[in-house]
Amino acid sequence: MAIERIADKVRAGGRVTAAEAVELYRLAPAPVLGRLADEIRARKHPERIVTYIIDRNVNYTNVCVAKCNFCAFYRPVGSAEGYVLGFDELFRKIDETIAVGGVQLLLQGGHNPDLPLSWYEDLFRAIKERYPAFKLHALSPPEIIHLSRLAQLPVPEIIARLVAAGMDSVPGGGAEILVDRVRRLLHCYGKATADEWLDVMRHAHRAGLRTTATMMYGTVETDAERIEHLTRLRDLQDETGGFTAFITWSFQPDFTEIGGAEATGIDYLRTLAIARIVLDNFDNLQASWVTQGGKVGQLSLAYGANDMGSVMIEENVVRAAGASYCMDEAEIVRNVEDAGFVAKRRNMHYEILGDPIFREREVPRMLELATARADGDTSVPDELVNYPARSRAGKQLRVIS
Ligand code: SF4
């Protein structure tokens, strides 16, 4: 039977073709996929260590001109619910992150036409001046493309300037499905085509940065398009070796324009497992407990994941679409250990930083994820007046403030 032949090839360490991956994904029972993925995980990580990072997922603005139809987070330019975080607010968030052992900000936001490149450079410099050892895992490829268009500078130059200002690595957001047919249907083709997304990562890797890769599935794509997404990532990883990890999660439909139903837990586990099988040149796969919940997140460790992602501290994007799972470090470690693994803290480069920090010193329990802003807080940061706005609403706001 074809499935057994493909499974034997995977067990022998062979690389599956796209057609074989589609066949396996469609036809192999979930436990078979899980077993194959777990065997690869065990080959790559025989010491049974499961890692996680303590960082904070901060969205510096929700104002966005891209208007992806799967996104419940963004607000249009001029919306009363639009916000931009101030430098002082961000410093406060970093202080809170460091207090619980955090080592970096995952900083992403909307494509706000009223934040020029100089705003990002000044912010990064200010952060690095105050917190020299703190890392900035910042700006997904579509945000870098947005800045390139706004500043009318090529992508490599934008990357060089952001690195000079303090950017340490690039998160793999905004990939959705790297197939242009899907991107057109999701209204995200304009913000970045599949080739453009991959090209930003290529430039980042060439500039010496490490990045992650993601996939959001469960909207309009076919199984074959999910596999095409994975093989395109695999090809770029062959070329550059710059991806540290892969993270997949299911589309969260609540309050989005396209709506629909969320993919099931089994769909998630099957997708994670096939990713582990196809992405044979990726060392690390994260469990997306933020979208799937702690229990499926824990099960992910039997379906190819070797990392529990981030303790997060704050989350705004997934919450806007109706999902709001929260696990602090103690809860993540409890899930890892209960699954028979050893939990270790890491940095973005997957270097081990140590044992769980709550066993070394007292840290406050975190039973709820923070938000970017308290409800109803519409304050405008003082420093915004120093940066030229492009939109009419932004210009008016500058005059008022
Ligand atoms: S997914 Fe990102 S780029 Fe798309 S609308 Fe939402 S914030 Fe904007």
Side-chain angles (χ1 to χ4, degrees), residues 57-85 105-117 119-120 137-151 155 158 170-180 182-201 211-221 229 247-260 262 288 290-291 314-324 371-373 390-391 393-394:
N57 189 354
V58 173
N59 303 107
Y60 54 90
T61 181
N62 64 347
V63 175
C64 189
V65 291
K67 301 185 179 174
C68 309
N69 61 13
F70 57 84
C71 176
F73 167 70
Y74 84 87
R75 293 293 178 269
V77 173
S79 164
E81 293 177 350
Y83 72 82
V84 175
L85 295 180
L105 276 196
L106 165 52
L107 193 66
Q108 299 178 105
H111 301 187
N112 188 331
D114 299 325
L115 296 179
L117 179 60
W119 181 87
Y120 294 84
H137 186 43
L139 308 189
S140 62
E143 290 166 272
I144 291 173
I145 292 169
H146 164 73
L147 283 177
S148 156
R149 291 171 183 163
L150 209 58
V155 163
I158 296 290
V170 175
E176 335 318 345
I177 295 286
L178 292 169
V179 175
D180 285 340
V182 176
R183 303 186 75 76
R184 284 196 182 89
L185 290 171
L186 296 180
H187 296 183
C188 62
Y189 177 81
K191 76 174 180 184
T193 65
D195 282 345
E196 284 172 334
W197 189 98
L198 289 160
D199 222 39
V200 173
M201 288 310 198
T211 78
T212 55
T214 66
M215 175 169 84
M216 183 198 73
Y217 67 91
T219 53
V220 298
E221 79 285 352
H229 176 100
I247 312 116
T248 187
W249 63 85
S250 54
F251 162 57
Q252 305 295 309
D254 289 1
F255 310 110
T256 63
E257 190 184 330
I258 52 170
E262 188 188 346
S288 180
V290 175
T291 56
E314 172 171 335
E315 210 292 317
N316 304 286
V317 176
V318 171
R319 180 202 306 262
S324 63
T371 53
R373 279 263 174 95
R390 287 200 69 202
S391 76

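Heads up: numbering here begins at 1 and tracks the sequence. We count ligands from 1, going down the list as the structure has it; atoms in each ligand are counted the same way. Every heavy atom of this structure was used, including side-chain atoms; hydrogens, water molecules and symmetry mates were not. Remember, it's a predicted structure, so these values are computed and weren't measured experimentally.
- Heavy atoms of Lys67 found under 4.0 angstrom from ligand 1 belong exclusively to the backbone.
- Tyr189 does not carry Arg183 over the face of its six-membered ring by the limits of under 6.0 Å from the centre and within 45° of the normal.
- A donor-acceptor contact closer than 3.5 angstrom links the side chains of Asn112 and Thr61.
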**OP:** Step by step, work out the salt bridge (Lys or Arg N to Asp or Glu O under 4.0 Å) result for Arg149 and Glu143.
**Re:** CA-CA 10 Å; Arg149 291 171 183 163; Glu143 290 166 272; over 6 Å; no
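- The protein non-hydrogen atom at the shortest distance from atom 2 (Fe) of ligand 1 is Lys191 NZ, 4.2 Å.
- Counting atoms of ligand 1 from 1 in the listed order, those under 4.0 Å from a heavy atom of Cys68 are 1 (S), 3 (S), 4 (Fe), 5 (S).
- For atom 1 (S) of ligand 1, the nearest non-hydrogen atom from the set Cys64, Cys71, Ala320 comes from Cys71.
- Between Tyr60 and Tyr120, the distance separating the two ring centers is shorter than 6.0 angstrom.
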